[in-house]
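Sharing a structure below in structure tokens format, with a few things to ask.
The chains referred to below are lettered A, B, ... by the order of the sequence lines, with proteins before strands, and numbering in each begins at 1. Just so we're clear, the structure is a prediction, and the values are computed from it rather than from any experiment.
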2 protein chains.
Amino acid sequence: METTTFSALAEPNRLRIVELLLSVKGPLTVGEIADRLGLQQPQASKHLRVLLEAGLVEVEAVANRRNYKLRVEPLQALDVWLETYRKVWDERFDNLEAYLQKLQSKENN
Amino acid sequence: METTTFSALAEPNRLRIVELLLSVKGPLTVGEIADRLGLQQPQASKHLRVLLEAGLVEVEAVANRRNYKLRVEPLQALDVWLETYRKVWDERFDNLEAYLQKLQSKENN
DNA sequence: TAATAATATTCCTTTACAGGAATATTCCCG
DNA sequence: CGGGAATATTCCTGTAAAGGAATATTATTA
């Protein structure tokens, strides 16, 4: 697992940008993002740059504006990575189940 | 979504610790972690502290040693957070499917 | 072409944090 | 009780990164 996705999302304002882009389900302009999140334009630009380099967003230039939208690939990679952990906590659950069954069969004796 | 999980995992050596603890499926000692990852003991301790504060690991003190093991809760929270994104990329997939069906019905005319 | 809008970049300052080295702490055992 | 093992903490230094302010860049439009 690459650490770039984590560090990109480790900054609160960047996480907010990602969640904003998720909630609107479509591209947003730098100015719109800055407005909605109460960020100054340069900071919005800078955070978007980081997100861009991390592959979490993509841009389309339309005249003066830049439309930023989410890319799901890094989050899908994260999802795949978590798959391993899901197995672990499923196993623990299975163990718990097995343990409970054991208890139950003891009670039946 | 809290940003602490992300920042904890944003550091490569900490991510390696988490993955190591996952692969061994059981608790490990500070020394064992340092050895297996080629870290110096103080750095291992410091990283484990951060992971501990982020709730990603827990400790059990046994005499001289500290046994660290994974906690799945933060990763489960991450999993829940990703659920929203899964919906998004499923929607995109649905749209693709709808589009393909549309194509197909056109071909049938 | 000048003015303006939208965005990106640069410079500066402050802060957080990682690694190295040394040291403190805690516990076991002879 | 003293020594040694395992771990944590502290101090120092270098570096990366975030925000603010100013400025550069690019494109539109009158």
Side-chain angles (χ1 to χ4, degrees), chain A residues 1-21 24 26-71 74 78, chain B residues 1-21 24 26-71 74 78:
Chain A
M1 178 72 192
E2 276 293 330
T3 172
T4 62
T5 302
F6 289 128
S7 52
L9 298 175
E11 209 288 322
N13 285 321
R14 281 198 293 267
L15 186 59
R16 292 174 66 208
I17 292 177
V18 168
E19 289 178 336
L20 174 61
L21 286 174
V24 300
L28 281 183
T29 275
V30 177
E32 291 169 334
I33 294 173
D35 279 353
R36 301 206 195 189
L37 299 184
L39 300 177
Q40 300 200 312
Q41 178 269 319
Q43 332 300 332
S45 269
K46 285 188 260 188
H47 283 311
L48 284 165
R49 185 141 118 91
V50 175
L51 291 174
L52 187 66
E53 284 166 357
L56 280 162
V57 298
E58 57 187 340
V59 218
E60 187 198 8
V62 174
N64 242 359
R65 327 238 164 134
R66 306 287 166 95
N67 294 320
Y68 283 87
K69 65 177 173 183
L70 268 189
R71 284 186 73 244
L78 193 50
Chain B
M1 180 69 194
E2 276 295 330
T3 172
T4 62
T5 302
F6 289 127
S7 52
L9 298 176
E11 210 286 323
N13 285 322
R14 282 198 292 267
L15 186 58
R16 291 174 67 207
I17 291 177
V18 168
E19 290 177 335
L20 173 61
L21 286 175
V24 299
L28 281 183
T29 275
V30 176
E32 291 169 334
I33 294 173
D35 279 353
R36 301 207 195 189
L37 299 184
L39 301 176
Q40 300 202 311
Q41 177 269 319
Q43 332 300 332
S45 269
K46 285 187 259 186
H47 284 310
L48 284 166
R49 185 140 118 93
V50 175
L51 291 174
L52 186 66
E53 285 167 356
L56 280 161
V57 298
E58 57 187 340
V59 218
E60 189 199 7
V62 174
N64 242 358
R65 328 236 165 138
R66 306 288 165 95
N67 294 320
Y68 284 88
K69 65 177 172 182
L70 268 189
R71 284 185 73 244
L78 193 50

Please report how far the helix from dT1(C)-dA30(D) to dG30(C)-dC1(D) bends, comparing the axis fitted to its first five pairs with the axis fitted to its last five, to the nearest 10 degrees.
10°
What are the two closest heavy atoms between Val18(A) and Leu51(A), and how far apart are they?
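Closest approach of Val18(A) to Leu51(A): CG2-CD2, 4.0 Å.
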Nearest 0.5 Å, please: how far is CG in Leu48(A) from CG in Leu21(A)?
7.5 Å
Pull out every protein N or O sitting under 3.5 Å from an N or O of nucleotides 13-16 of chain D, one pair per line with the distance.
none

Looking only at heavy atoms, which two atoms of Val30(B) and Ser45(B) are closest? And how far apart?
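Closest approach of Val30(B) to Ser45(B), heavy atoms only: CG1-OG, 3.9 Å.
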Atom pairs and distances, side-chain donor-acceptor, residues 61-70 of chain A, under 3.5 Å, sequence neighbours left out:
residue  : atom : partner  : partner atom : Å
Asn67(A) : OD1  : Thr29(A) : OG1          : 3.3

What's the shortest heavy-atom distance between Pro74(A) and Leu56(A), and which atoms?
CB-CD2, 3.7 Å
Taking all heavy atoms of Thr3(A) and all of Leu9(B), pick out the closest pair and write down the distance.
OG1-O, 3.8 Å
If we ignore hydrogens and angles and just use 3.5 Å, is the side chain of Arg71(B) paired with the main-chain N or O of Gly55(B) as donor and acceptor?
yes
Which heavy atom of Val57(B) sits nearest a heavy atom of Leu52(B), and at what distance?
O-CD1, 3.4 Å
Sequence-distant partners of Glu32(A), salt bridge (Lys or Arg N to Asp or Glu O under 4.0 Å), two or more places apart:
none
With sequence neighbours excluded, what pairs up with Arg36(A) under the salt bridge (Lys or Arg N to Asp or Glu O under 4.0 Å) test?
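Arg36(A) satisfies salt bridge (Lys or Arg N to Asp or Glu O under 4.0 Å) with no residue once adjacent residues are dropped.
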Side-chain heavy-atom pair Gln43(A), Asn13(A) within 4.5 angstrom cut-off:
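The answer is no; the side chains never approach within 4.5 Å.
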Extract, from 5' to 3' on DNA chain C, the first and final nucleotides lying under 4.0 angstrom from some heavy atom of chain A.
dA5(C) to dT10(C)
Go through residues 54-70 of chain B and report each residue with a non-hydrogen atom lying under 4.0 Å from DNA chain D, sorted by number.
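Within residues 54-70 of chain B, the residues near DNA chain D are Asn64(B), Arg65(B), Arg66(B), Tyr68(B).
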Salt bridge (Lys or Arg N to Asp or Glu O under 4.0 Å) contacts touching residues 42-52 of chain A (sequence neighbours left out):
Arg49(A)-Glu53(A)
Nearest-0.5 Å distance that lies between atom CG in Leu78(B) and atom OG1 in Thr5(B):
6.5 Å
Check DNA chain D against residues 40-53 of chain A and give the residues with a non-hydrogen atom under 4.0 Å, in numerical order.
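Listed by number, they are Gln40(A), Pro42(A), Gln43(A), Lys46(A), His47(A).
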Please work out which residues in residues 30-38 of chain B have a non-hydrogen atom less than 4.0 Å from an atom of DNA chain C and list them by number.
none
Hey, could you give me the CG/NE2 distance between Leu39(B) and His47(B), rounded to the nearest 0.5 Å?
6.5 Å
From CG (Leu20(A)) to CG (Leu28(A)), nearest 0.5 Å
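One gets 5.0 Å once the value is rounded to the nearest 0.5 Å.
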How would you list all residue pairs meeting salt bridge (Lys or Arg N to Asp or Glu O under 4.0 Å) that involve residues 9-18 of chain A, not counting sequence neighbours?
none
Among residues 2-20 of chain B, which contact DNA chain D at a heavy-atom distance under 4.0 Å?
none
